[in-house]
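This report concerns only the one structure given below.
All values derive from a computational prediction rather than experimental measurement. Along the sequence shown, residues are numbered consecutively beginning with 1.
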Amino acid sequence: QVQLVESGGGSVQAGGSLSVSCAVSESTHSNYCMAWFRQRAGKQREWVSSISTDGSTTYDDSVKGRFTISQDNAKNTLYLQMNSLKPEDTAMYFCAADPVLRDHCYSGPWSAGYDYWGQGTQVTVSS
């Protein structure tokens, strides 16, 4: 079973930048669709961004133009670069993976579409 481990969270002032990482225990290249979700205090988990096996990316409107998802297949690592951070970006950030089955994997915003999850890393943005 694949394991996902997030790191890189922390505290930053509004307007600053932070990058979070997700180390995957096996090769992601062409094997998984990957995504970032976040959960703010007292709120449901919400989708942030996804990357498909062909490298195509999608973003929630709330982070479009500020966040960038990427992956390094040689390192089996997923990244989320977050710029122009706002206090409302404060949340626990989770990476998720859906394996390719019959040449297809899920890369949409529905959390139940992903089979594997990390434990999360906290990002706090102060005003």
By the salt bridge (charged side-chain N to carboxylate O under 4.0 Å, His left out) test, which pairs, at least two apart or in different chains, include something from [range]?
range	result
residues 62-78	Asp61-Lys64, Arg66-Asp89
residues 46-59	Arg38-Glu46, Arg40-Glu46
residues 76-88	none

Starting from Val100, walk the hydrophobic network (Ile, Leu, Val, Met, Phe, Trp, Tyr; side-chain heavy atoms closer than 4.5 Å) and list everyone else you reach, by chain and number. none
Which Ile, Leu, Val, Met, Phe, Trp or Tyr residues join Ile51 in one cluster when any pair of side-chain heavy atoms under 4.5 Å counts as a link? Val2, Leu4, Val12, Leu18, Val20, Val24, Tyr32, Met34, Trp36, Val48, Tyr59, Val63, Phe67, Ile69, Leu78, Leu80, Met82, Leu85, Tyr93, Tyr116, Val123, Val125
Closest approach of Ser27 and Asn76, non-hydrogen atoms and distance? CA-OD1, 3.3 Å
Residue list, side chain to side chain contact (heavy atoms under 4.5 Å, CB included) with [X], at least two apart or on another chain:
X	value
Ser70	Tyr79
Thr58	Trp47, Ser50
Ser30	none
Thr124	Ser11, Thr90, Gln122

About how many Å separate CZ of Phe37 and CH2 of Trp110, when rounded to the nearest 0.5 Å? 10.5 Å
Would you give the length of the straight line joining atom CD of Gln81 to atom OG of Ser21, rounded to the nearest 0.5 angstrom? 9.5 Å
Who pairs with Arg45 by salt bridge (charged side-chain N to carboxylate O under 4.0 Å, His left out), at least two apart in sequence or on another chain? none
Could you tell me which residues satisfy salt bridge (charged side-chain N to carboxylate O under 4.0 Å, His left out) with Glu26, sequence neighbours excluded, listed by chain and number? none
Can you list every side chain to side chain donor-acceptor pair (under 3.5 Å) pair that touches residues 97-108, not counting sequence neighbours? Ser52-Ser107
Close side-chain approach of Gln71 and Thr77, heavy atoms under 4.5 Å: no
Checking Gln39 against Gln44 for the side-chain contact (heavy atoms from CB on, under 4.5 Å) test, could you report, in this order, the C-alpha distance in whole Å, the side-chain angles of both residues, the deciding distance, and whether it holds? CA-CA 6 Å; Gln39 188 165 15; Gln44 289 189 335; 5.5 Å; no
Quick one, Ser111 with Trp117, criterion side-chain contact (heavy atoms from CB on, under 4.5 Å). Give me CA distance, side-chain angles, the key distance, then yes/no. CA-CA 10 Å; Ser111 62; Trp117 293 83; 3.8 Å; yes
